[in-house]
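Step one of this worksheet: look at the structure below.
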Amino acid sequence: MNITKTLDAKGLACPMPIVRTKKAMDQLNTGDILEVFVTDKGSLNDIPAWVKSGGHQILKQTEEADVIAFYIQKG
C-alpha cells in the first residue's frame, strides 16, 4: 500500500479526529491514501460513517495497543 499522507490524531477526542481527517483528505488527490491513527473509540463508528458519506473507501483498519489505524483512499 502506497501511503500518501499520515495523520496522527492520537489523544484527540470527538469530533477532532474527524475534523483533522477531513482537513487532511481535502489536501489529497483522488486515489491517494491517508493513514490515520486515533485513540478515541468513538472513531470506530465516526470515521467509517464519514468515509462512506464522503465517497471514500477504507482499505484497511487495524487496532493495536489502543491505537486504531485507518487507511482511507480518497474517492
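Just so you know, these numbers use all the heavy atoms, side chains as well, and skip hydrogens, waters and symmetry mates.
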Neighbour count above 12 (heavy atom, 6.0 Å) for [X] [atom1]:
{"X": "K60", "atom1": "NZ", "value": "no"}
{"X": "D26", "atom1": "CG", "value": "yes"}
{"X": "K22", "atom1": "NZ", "value": "no"}

Practice item. Give a yes or no on whether V36 and I33 share a hydrophobic cluster (residues Ile, Leu, Val, Met, Phe, Trp, Tyr; joining criterion: side-chain heavy atoms under 4.5 Å apart). Key: no
Practice item. Establish whether L44 and I72 are linked, either directly or via other cluster members, by ILVMFWY side-chain heavy-atom contacts under 4.5 Å. Key: yes
Taking all non-hydrogen atoms of both residues, which atom of [X] and which atom of [Y] are closest, and how far apart?
{"X": "G31", "Y": "Q73", "answer": "O-NE2, 3.2 Å"}
{"X": "A13", "Y": "P17", "answer": "O-CD, 3.3 Å"}
{"X": "Q61", "Y": "P48", "answer": "OE1-CG, 4.4 Å"}
{"X": "L12", "Y": "T39", "answer": "N-OG1, 4.4 Å"}
{"X": "S43", "Y": "F70", "answer": "O-CZ, 3.5 Å"}

So how far is it from [X] [atom1] to [Y] [atom2], rounded to the nearest 0.5 Å?
{"X": "L34", "Y": "K74", "atom1": "CG", "atom2": "NZ", "value": "10.0 Å"}
{"X": "K10", "Y": "D66", "atom1": "NZ", "atom2": "CG", "value": "12.0 Å"}
{"X": "K23", "Y": "I18", "atom1": "NZ", "atom2": "CD1", "value": "13.5 Å"}

Exercise for review: Determine the sole option in I47, T21, L7 for which the side chain to side chain contact (heavy atoms under 4.5 Å, CB included) test with V38 is passed.
Suggested key: I47
Check your understanding: Under a 4.5 Å cut-off applied to non-hydrogen side-chain atoms, are M25 and D32 in contact?
Key ->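 No; the side chains remain at least 4.5 Å from each other.
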Review point. Taking C-beta and beyond as the side chain, do C14 and D46 meet within less than 4.5 Å on heavy atoms?
Key: yes
Exercise for review: Over 60° means perpendicular and under 30° means parallel, so classify the ring planes of F37 and Y71, tilted if in between.
Suggested key: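 Taking F37 first and then Y71, their aromatic rings stand perpendicular (interplane angle over 60°).
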